[in-house]
Protein chains: 2
Amino acid sequence: MADEGAVLDALRDAILAGEFAAGQRLVEVDLCERFGCSRFAVRAAIPVLASEGLVDVQRHRGARVRVIPVSEAIEITEVRRLLEGLTAARAAERVTAAQAAELADIVHEMRAAVEAAELLRYSDSNARLHARIRSIAAHDTATRMIERLRAQLVRHQFTLALIPGRPAVSLAQHERIVAAIVARDPDAAEAAMRDHITSVIESLGSLEQSASNQSARR
Amino acid sequence: MADEGAVLDALRDAILAGEFAAGQRLVEVDLCERFGCSRFAVRAAIPVLASEGLVDVQRHRGARVRVIPVSEAIEITEVRRLLEGLTAARAAERVTAAQAAELADIVHEMRAAVEAAELLRYSDSNARLHARIRSIAAHDTATRMIERLRAQLVRHQFTLALIPGRPAVSLAQHERIVAAIVARDPDAAEAAMRDHITSVIESLGSLEQSASNQSARR
DNA sequence: CCCGATGATTTTGTAGCCAATTTCGTCGTA
DNA sequence: TACGACGAAATTGGCTACAAAATCATCGGG
């Protein structure tokens, strides 16, 4: 673990992989031990993660893994709806025949995963599809922001995939998105993507309700 | 200059104020001297500014003030168009009578500045209006991203205000935005904001053309 | 049982060291 | 003169040690 960038990536990955409990304190010496590096490297990485919104630092109180409340997850997804709508539209304008075939392949893979009820495989293909759409859109600014936003709510995405019947609904929405892109119809692609993410927001909203019910029951 | 946060803010302000030439190297010891702090503080601040897109760091080559090409400024503004459209719509949903009066005041101020041909005052009121709309919208995520994007192109905004006739056009657009918000019409507010920022993008596009003409003439 | 004080833990900030790498200048040669 | 190789200086990367400030936890007293 020589350079600062490696520690940064390792720590970021660990947080995104959920290897720290929600709200857990990140004690510098512990992280040094874990990653086999000096405190210096850790202290260089933490401010960056803070600016990425993954950890929360308070003066003299150290860093904690930031817990994103559902209400904020909804805000984030509202922004993501706009940005991914933009990338979908641009992808529809720029897509080549080869890229269109690739998108169709990924959707095919998603359908197979749903039929086999393999949630993890579905979730993976899902992420790949969105990533491929972004790369076709070639809008660096939007891509950067989407990826940063996605990183902030990896935890929520896990819980979302477990909602019964959600993959089937999600699959149909993705098929619509890809159909519009392949048809080179930017407006339809943007609308389809927004509808898809709107339904994600609605699912998050139902999570918020059940969460508040639980806390009320305590 | 005790804490790292102060150095970070000071350095960020200095960059945003244009106190460094475009692409200038940021030598650590120089910054220490300038801000009267240790190298440690500088070295903590630079990665954060890099993640904010204000500086560009390369291994063993140090940090440089990042120069944003016009093409990227256009991308950034395209994203900002979506985000500010969102805040305008939400502001229209949430605005109180007192806030509506405040917006009207700022527009009045803008009109006065245009009539007096005071570009700096106009630019300032302009920024205040957008900021006030964001605070009324109370969408933390969108606000954070807009402010980060704006920071990346402060330089371009200077040049934009100098286009002859632009303030008058801009003023009318802002009046339309505020009218829609005051009328509590989210769709109209979003449309008006998008139209406004679309015209900003068009102005940036004309800058790009003149820039490429200049380079072609060389 | 509750509250405050004290000590330990943790973080923050500084100073300085050496290694690695880049960059710039100089010298030698074609 | 022009060009390339070599070397020295400058700069960053990474580290350790240390002092200071703040927080946390434990313990004792009321």
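Throughout, protein chains are lettered first and strands after them, A, B, ... in sequence-line order, and every chain is numbered starting at 1. These numbers come from the heavy atoms of this one structure, side chains and all, not from hydrogens, waters or symmetry mates.
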| Across the strands shown, which category fits Val29(A) at heavy-atom distances under 4.0 angstrom: base, sugar-phosphate, nothing? | nothing
| field | Separation of dC15(D) C1' from Phe40(B) CZ (nearest whole Å) | value | 12 Å
| Length of the line joining His60(A):NE2 and dA22(D):C1', which is rounded to integer Å | 5 Å
| remark: To the nearest angstrom, the CD-C1' distance between Gln58(B) and dT12(D) comes to 13 Å
| query | Within this structure, what is the CZ-to-C1' distance between Arg59(B) and dG13(D), rounded to whole angstrom? | reply | 7 Å
| query | Could you give the CD-to-P distance, from Glu28(B) to dT21(C), as a whole number of Å? | reply | 17 Å
| query | Rounded to the nearest Å, what distance is computed from the CG atom of residue Leu26(A) to the P atom of nucleotide dT12(C)? | reply | 11 Å
| Can you check the Ile46(A) CD1 to dT10(C) P distance for me, whole Å? | 14 Å
| request: For the pair Tyr122(B) and His174(B), name the ring-plane relationship: parallel under 30°, tilted 30 to 60°, perpendicular over 60°. | output: perpendicular
| Between Arg144(A) and Glu72(B), is there a side-chain N and carboxylate O pair less than 4.0 Å apart? | yes
| field | For atom CZ of Arg25(A) and atom C1' of dT12(C), their distance in whole Å | value | 13 Å
| field | Spacing of CD belonging to Gln157(B) relative to CG belonging to Asn126(B), to within rounding of 0.5 Å | value | 8.0 Å
| message | Can you tell me whether the side chain of Arg43(A) and the base of dG13(C) have a donor-acceptor pair closer than 3.5 Å? | response | yes
| said: Taking atom types as they are modelled, would you say the side chain of Arg39(A) forms a donor-acceptor pair with the base of dG14(D) within the 3.5 Å cutoff? | reply: no
| query | Does a salt bridge link Glu19(A) with Arg34(A), judged by any charged N lying under 4.0 Å from a carboxylate O? | reply | yes
| Any side-chain N or O of Arg61(B) less than 4.0 Å from the OP1 or OP2 oxygen of dT21(C)? | no
| message | Please determine whether a side-chain nitrogen or oxygen atom of Arg64(A) lies at a distance below 4.0 Å from atom OP1 or OP2 of dT11(C). | response | no
